[in-house]
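In this text, all values refer to a predicted model and were calculated from it rather than measured experimentally. Letters A, B, ... are given to chains in the order of the sequence lines, protein chains preceding strands, and every chain is numbered from 1. Computed from heavy atoms alone, side chains included, the values below leave out hydrogens, waters and symmetry copies.
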Amino acid sequence: MNNLEQLNRQQQLAVLHGEGPLLILAGAGSGKTRVITHRIARLILEEGVRHWNILAVTFTNKAAREMAERVRFLMGSDDIPLISTFHSACGRILRKDIAALGYESSFVIYDDKDSERLLKDLINNLNLDEKRFPAKAIGARIDDCKNRGLLPDKLSESELWNRRFIEIYAAYQESLRRCNALDFGDLILQTVRLFEHNPDLLAYWQNRFQWLLVDEYQDTNPAQYQLIRLLAGERKNLCVVGDDDQSIYSWRGADIRNILEFEKDFPGVTVIRLEQNYRSTSTILKAAGSVVSRNIGRKVKTLWTENKDGEMIRLVTLENDRLEARFVITEIQALAQQGLDLTQIAVFYRTNAQSRLLEEALTAEGIPYRLVGGVRFYSRMEIKDVLCYLRMLENPADEISVKRIVNVPSRGIGAATLERVSEISVTKQMTLHDAFEYACSSEMLASGTRKKVSAFVELMRGLRVKAATSTLSELVKSVLNDTGYLMRLKESHDPDDAERVENLAQLVSAVEEFSAATPNATLADFLEQVALVSDLDQGGTGANAITLMTLHSAKGLEFDTVFMVGMEDRLFPHIMTFDDRDGMEEERRLCYVGMTRARERLYLLNARRRMVFGMEQTNLPSRFLKEIPKEYICKGTDKRNISSQPHIRPSGTVSSLKSHNLASVTPVADELVIVPEVSDDICENCIGLKVRHAKFGVGTIRKTEGHGDNQKVVVWFSESGPKKLLVRYAGLERV
DNA sequence: TTGAACTCGGTTTTT
DNA sequence: CCGAGTTCAA
């Protein structure tokens, strides 16, 4: 590898640094991933470090995958180090050594929904008022403690922590243990505990990972920091890379002091600054810099670039959120017409809820998109149900899963029976799972219920045999079929259920893909993957698609063209941060992160009115917009005839938005021309009407919901069954 | 016990 | 607007 000359002086220093701690302060787009990947490659190829002695930690799976990809490419080999998130790395460590903490290695990982369920049950069992102790808030507080490395025994009552909370927290930990389950926070914290209590194990892992690299270091929380310090041990071959201007996870316990105090904890640390930006146009970089420079609490630095000025930043105000979505879509169509690569276009928003409108519009126009995050595939009801069957098979102690699936699909085992069996499990000191078996072989249930319970227990036995003998994908199919789950959905007339069937098919292919990629993988491996790898690539992998995501998930990525939508006070900056200076500064950093993702073209959009909570809200433009110097901005006007809404038309008409081009955004003076929107109720009374859809063919309208632009119809198509469609976009024709 | 019809409360960001 | 929880009839 002789490509050091591709790197600038500072980057070279970082790559060449040998043993001992290294802190890299890397501004946005300054090539930090490049530095990390080159450094890894160099350690292995030039310094003779063996790849399994290196651990690189990133914040998202996406980032981990990308980094692995680049290292593989750089080295021309598949023998690359472990590159993963903190959580995955800890999962791996614990899978091997958790017995030392009294858990079984078949432990499950609870997501926050699971934890909340557990907490809720527990709060009820303690006879506490759910109003005074809301599971969600308690869960958040527990998570907060875990992020700071605090288990219940470490919370002294002299602090603000009240006794009740500590009690609940302790009970919660106990429940987790009973279920042989860990929550997200536990993954880090229990690993720390493992190391603290087992010097031999710590030594083993220190020896295993002699070289550590941590990306997005500004977002580590104290527990994670503790973990790194433990692993780094006396060798201190620790390289961390971060940027205080991109710290956007303080709400998850990230502590900026981890950067500031690094120099104290690792005396003699080498500090390297990367300040040349290679990513964005000078215009974008200066505009973003101007925004973030308003923050008080920041290390002053100047990012510079040799890139050309490039295009102006386009600032466009739309009348409402739907028009904002429409604008994005037509603009993308125009860009695509000019030959732009859709994979190089991204839309960022502050809250996940904002994706819906965009998705609907994109789907209607047939623009392929990839949604990152959002309602996670694996947390959809039907997917989670199936996963709970699998989890229970792997780990029968998992009460949350057992409770969830015992009556799904409904098999006559209701709340009363569950209560009864729960009692048995307590008095007989057995797991809930075993209590079901016990209950049907005893006289403790009425004969009717006993029959039902027996059937359930038999079902489980059958599945357990399959779990032991068949492949993963066969097992999943058995769960779908033997339980009658799939059948119930297929028989249903609800169009949502039709979608669920499709999602389950997707799950099966995900399982098959997983098995193909990792041939010796077990059920446990799959479940861990599912729990920790949140984003199954949806909507056409690798396809020519634009990307939709929150500003938070955008960190670490870059695109030629970026749309930031919902640039409005109350939404972004979010209203929750209005009376909190630190919170507001974090929002501003988020804005900086978003802007600096763009290489060439940046659109900032705001809507005057927006639907929130189902009510229309009027918002002012984001204060961050005013922090961008005027000379970098051109305000746009939307000149299109936006009142021509596609709707049900007499036969023959095809609605289209194609006749627009990029000129739709033109520089104008300060004044914006806003064309009011026309919204007409299309089919007041159209149930029974026969319609034709471009893709689905002919069908009959069975149901309508909503009004105006939000009007939806359920159409039963003779070929493809029931579908729920948005009238505005469906392009239905009367037959 | 089930499922439909209803109320109520809540939404920032994620591993 | 959405989902979770509750109520009520069968």
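- Remark: Glu616(A) engages Arg322(A), Arg609(A), Met611(A) in a side-chain contact (heavy atoms from CB on, under 4.5 Å) (not counting sequence neighbours).
- Across residues 180-188 of chain A, Phe184(A) each have a non-hydrogen atom less than 4.0 Å from an atom of DNA chain B (numbered order).
- Using a 4.0 Å cut-off on heavy atoms, none of the residues of residues 563-589 of chain A approach DNA chain C.
- Atom CG of Asp144(A) and atom C1' of dT14(B) are 14 Å apart (whole Å).
- Remark: ring of Trp251(A) does not overlap the six-membered base ring of dT12(B) in a stacked fashion, as centroids less than 5.5 Å apart with planes less than 30° apart are not both met.
- Residues forming a ring-ring contact (aromatic ring centres under 6.0 Å, His included) with Phe526(A) (at least two apart in sequence, or on another chain): Phe514(A).
- Listed by chain and residue number, Ser115(A), Lys146(A), Tyr172(A), Leu176(A), Asp186(A) satisfy the side-chain contact (heavy atoms from CB on, under 4.5 Å) test with Asp183(A) (two or more places apart in sequence, or in another chain).
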Validation: residues 123-139 of chain A side-chain donor-acceptor distances under 3.5 Å, sequence neighbours left out:
{"unit_1": "Asn124(A)", "atom_1": "ND2", "unit_2": "Lys120(A)", "atom_2": "O", "d": "3.4"}
{"unit_1": "Asn125(A)", "atom_1": "ND2", "unit_2": "Asp121(A)", "atom_2": "O", "d": "3.4"}
{"unit_1": "Asp129(A)", "atom_1": "OD1", "unit_2": "Lys131(A)", "atom_2": "N", "d": "3.0"}

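- At a threshold of 4.0 Å, the pair Glu585(A)-Arg294(A) does not count as salt-bridged, since none of the basic side-chain nitrogens sits closer than that to a carboxylate oxygen.
- With respect to Asp244(A) and Arg298(A), no salt bridge is recorded, no charged nitrogen being found less than 4.0 Å from a carboxylate O.
- Of all the residues in residues 347-355 of chain A, Arg350(A), Thr351(A), Asn352(A) reach under 4.0 Å from DNA chain B with at least one non-hydrogen atom.
- Using atom P as the reference point in both dA4(C) and dT13(B), the two lie 16 Å apart (nearest Å).
- Listed by first and then second residue, the salt bridge (charged side-chain N to carboxylate O under 4.0 Å, His left out) pairs that reach into residues 444-456 of chain A are Glu443(A)-Arg450(A), sequence neighbours excluded.
- With sequence neighbours excluded, the residues satisfying salt bridge (Lys or Arg N to Asp or Glu O under 4.0 Å) with Asp114(A) are Lys384(A), Arg391(A).
- With sequence neighbours excluded, the residues forming a salt bridge (Lys or Arg N to Asp or Glu O under 4.0 Å) with Arg257(A) are Asp255(A), listed by chain and number.
- Ranking dT1(B), dT15(B), dT14(B) by closeness to the Ala416(A) side chain, first place goes to dT1(B).
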Under 3.5 Å between N/O atoms: give me all the protein pairs with nucleotides 4-8 of chain C, atom names plus distance.
{"unit_1": "dG5(C)", "atom_1": "OP1", "unit_2": "Lys120(A)", "atom_2": "NZ", "d": "2.9"}

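- When the salt bridge (Lys or Arg N to Asp or Glu O under 4.0 Å) test is applied to Asp525(A), no partner is found at least two apart in sequence or on another chain.
- Electrostatic pairing of Arg608(A) and Glu568(A) does not count as a salt bridge here, judged by no charged N lying under 4.0 Å from a carboxylate O.
- Comparing atom distances between the Arg356(A) side chain and each of dT14(B), dC2(C), dT15(B) picks out dC2(C) as nearest.
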